[in-house]
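On a predicted model such as this, the values are computed, not experimentally measured, just so you know.
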Amino acid sequence: MNRQPATNAVCNVAARLASMAASIPDNLAVIMPQGRDASGKRRYASVTFRELDQDSDRLARGLRELGVAPGVRLALLVKPSIDFISLVFALFKAGVVTILIDPGMGKKNLIACLEAAEPEGFVAISPVHAVRTLLRRKFGKARFNVTVGRRWFWGGATLDQLRGTAWSGPELAETKSDDAAAIIFTTGSTGPPKGVLYRHGNFDRQVTEIRDFYGIQPGGLDLAGFPLFGLFNCAMGVTTIIPDMDASRPASVDPANIVEAIRDCQATQAFASPAVWNRVGPYCVQRGIRLPSLRRVLSAGAPVLPHVLEAMKSVISPDGEMHTPYGATESLPVASSAASEVLGETAEKMRQGAGVCVGRKFPGIEWKVVRVVDGPIAEIADVEEAPAGGIGELIVRGDVVTREYATRQEWNSLSKIRDGNAIWHRIGDVGYLDQLGRFWYCGRAAHRVRTANGPLYTEQCEAIFNNHPDVLRSALVGIGEPGAQQPVIIVEPRPGKAPQDERAKQAFIEELRTLGQSNPLSAEIDRFLFHPSFPVDIRHNAKIFRENLAEWAAAKTE
């Protein structure tokens, strides 16, 4: 069950779309917003599974006729749409290695990641091709270029030309489980963004694990707040509803648009970042809105706080559930928890510094909690497991776990552990397993503060100070050399709650000090700073760039 993907098995995840097109050809595969009519009512465009399968066949054939051979690397930079999903499957069908990068990481990181991935072509919207042309020296290998939209002053094919004429039969490269399928970049919240090499076996197993764990059946309708989830939906026979939102900036989503799409399409499932549900949940609660068609809500990418779970659980179907799958770009899914299990006693433990309960592991995952080591661990024999219930670093293996980075390859030795022919991935998260077999996330290993009295962990300490009613969020950082660091709590006050004078500031600090001293986990923390707006990742608006805050704190306390 926990083997690595077989190297000789024929496997192409796009075959799952063809299977669904054969079994449910007239079911809608994708629905997307298409403006509004004269009365202001939202209009939608859609395609069936048969139409999507045949369109992706035509695009795959067009790529083949363009000279694109299996194994060629192409960067896909297209907005969430029917075309995007069709292109993802077309690239898989053509055997292409698809480079996928979230534009939310920022222009500088985006260009650097693309350059490092060495694409042999771009399938992209017009503005991307304009930048590619201006930076042609960075992309010297890019000779297979397809424009989605209007082609300006560069050459290459357009998407319409790629589609060619009428459908003439299926296209499917006979890739193997161990063949490269995609390069997907990490957010770079800890260390630089890295290109994770996904193989067809990884994707194929992901579909199976997600489908079976959550009991997903063909015929469901999923509001996909993360574009790539459209791949899993179509592979499972689920309709993908693309909402009207900037997927690279979920924290800025208009909750009214999400509610409208769920109601118009009668969505039965929804997947989005916690930042989305943090806006949608309160919006619905405040207006008395109910979403009875929603029976399953999924949220991943950052810790989901109890108040978000509670709000969403209260507005969906009475017998519905909110799930929070846990993992990393390099290994997803790893574990999952349900709101009905977390709310109550578990949530209270989280508020008192126990960490974030991310749940039990998926059946296809093996995991261990091991002693934290800051350098490489070459072999599994070099691993020392943490004592039962002790905090350590989580390592995982299984068919969904990727084996290597395609860029920043120096990180392979820091993140991978050999075990014969298998590979364990070091998640980089620290935490512990409880008696029920659930993993409690206590923070990133790189963010632990190493004091003379021992390590302090971000999620545990910050949860205690976040109980203050005027604290929006807090960040634990260390000043000084590891082993003798001074712990500092930096607070971002809620809007309108920042202290306006020295007297108010000292009163706020004294309240924080009292709160910290009430819990042995945070009792030694005695230094507090206020920050107007934390630097956080754009994708989830939740991953705090503590390295930046540590530098800021060090400068403030000199």
Roughly how far, to the nearest 0.5 Å, is the [atom2] atom of [Y] from the [atom1] atom of [X]?
X	Y	atom1	atom2	answer
R397	I423	CZ	CD1	10.5 Å
L114	L77	CG	CG	5.5 Å
L291	S317	CG	OG	10.5 Å
I489	D526	CD1	CG	11.5 Å

Taking every heavy atom of L521 against every heavy atom of G353, the minimum-distance pair comes out as CD1-O, 3.2 Å
What are the two closest heavy atoms between L476 and L456, and how far apart are they?
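Between these two residues, the closest heavy atoms are CD2-CB, 3.9 Å.
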Steps toward salt bridge (charged side-chain N to carboxylate O under 4.0 Å, His left out) verdict (E341, R360):
CA-CA 11 Å; E341 182 180 14; R360 297 175 178 84; 2.8 Å; yes
So which pairs with a foot in residues 383-409 pass ring-ring contact (aromatic ring centres under 6.0 Å, His included), sequence neighbours left out?
none
Would you mind listing every ring-ring contact (aromatic ring centres under 6.0 Å, His included) that reaches into residues 479-528, with sequence neighbours excluded?
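Qualifying pairs, neighbours excluded: F465-F528, H468-F508, F508-F530.
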Pairing donors with acceptors under 3.5 angstrom, does anything connect the side chains of T324 and S337?
yes
Please tell me whether E348 and Q352 have a donor and an acceptor in their side chains that are separated by less than 3.5 angstrom.
yes
May I have all residue pairs that pass side chain to side chain donor-acceptor pair (under 3.5 Å) and include part of residues 368-378, sequence neighbours excluded?
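Listed once each, the pairs are K368-E385, R371-E384, D374-R448, D374-R450.
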Summary of side chain to side chain donor-acceptor pair (under 3.5 Å) pairs that have at least one residue in residues 472-489, sequence neighbours excluded
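Passing the test, one end in residues 472-489: N466-S474, R473-E492.
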Check for a donor-acceptor pair, side chain of [X] on one end and backbone N or O of [Y] on the other, with a separation under 3.5 Å.
X	Y	result
D102	M105	no
R426	L414	yes
W424	E366	no
K108	G106	no
D419	A422	no
S299	A272	yes
Q269	V297	no
S415	W411	yes
E209	G364	yes
T346	L343	no

Charged N to carboxylate O under 4.0 angstrom, E404 versus R199?
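Answer for the salt bridge query: yes.
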Could you tell me whether R403 and E330 have a side-chain N and a carboxylate O separated by less than 4.0 Å?
no
From CA spacing to verdict: side chain to side chain contact (heavy atoms under 4.5 Å, CB included), V488, V449:
CA-CA 9 Å; V488 178; V449 175; over 6 Å; no
Can you list the residues that meet the ring-ring contact (aromatic ring centres under 6.0 Å, His included) rule with [X], with sequence neighbours excluded?
X	result
F229	F232, F271
Y441	none
H323	Y214

Residues in side-chain hydrogen bond (donor to acceptor under 3.5 Å, both in side chains) contact with R527, at least two apart in sequence or another chain
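Partners of R527 under the side-chain hydrogen bond (donor to acceptor under 3.5 Å, both in side chains) test: none.
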Can you name the side-chain hydrogen bond (donor to acceptor under 3.5 Å, both in side chains) partners of Q409, sequence neighbours left out?
none
Dump the intermediate steps for salt bridge (charged side-chain N to carboxylate O under 4.0 Å, His left out) on R546 and E462, then the final yes or no.
CA-CA 12 Å; R546 292 179 177 83; E462 291 164 8; 2.8 Å; yes
Holding to salt bridge (charged side-chain N to carboxylate O under 4.0 Å, His left out), I want the full list of residues that pass it with E524, two or more places apart in sequence or in another chain.
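In terms of salt bridge (charged side-chain N to carboxylate O under 4.0 Å, His left out), with neighbours along the sequence ignored, E524 is linked to no residue.
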For the pair N453 and T451, evaluate side chain to side chain donor-acceptor pair (under 3.5 Å) and give the outcome as yes or no after the intermediate values.
CA-CA 5 Å; N453 298 322; T451 75; 4.7 Å; no
Which salt bridge (charged side-chain N to carboxylate O under 4.0 Å, His left out) pairs, counting each pair once, include a residue from residues 306-328, with sequence neighbours left out?
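Counting only pairs at least two positions apart or across chains, the salt bridge (charged side-chain N to carboxylate O under 4.0 Å, His left out) contacts touching residues 306-328 are R295-D319.
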Could you go through Y457 and I391, starting from their C-alpha distance and side-chain angles, then the distance that decides it, and tell me whether this counts as side chain to side chain contact (heavy atoms under 4.5 Å, CB included)?
CA-CA 10 Å; Y457 301 102; I391 294 177; 3.6 Å; yes
In sequence, state the C-alpha distance, the side-chain angles, and the governing distance for D501 and K505, and then conclude on side chain to side chain contact (heavy atoms under 4.5 Å, CB included).
CA-CA 6 Å; D501 54 43; K505 177 182 174 182; over 6 Å; no
Listed partners of A463 passing side chain to side chain contact (heavy atoms under 4.5 Å, CB included), at least two apart:
none
For the side chain to side chain contact (heavy atoms under 4.5 Å, CB included) test, which of F439, F362, Y326 pairs with V334?
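The passing option is Y326.
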Does atom CD of Q435 have more than 12 heavy-atom neighbours, drawn from other residues, nucleotides or ligands, at distances under 6.0 Å?
no
Would C442 and T458 satisfy side chain to side chain contact (heavy atoms under 4.5 Å, CB included), going step by step from the backbone distance to the final call?
CA-CA 6 Å; C442 296; T458 56; over 6 Å; no
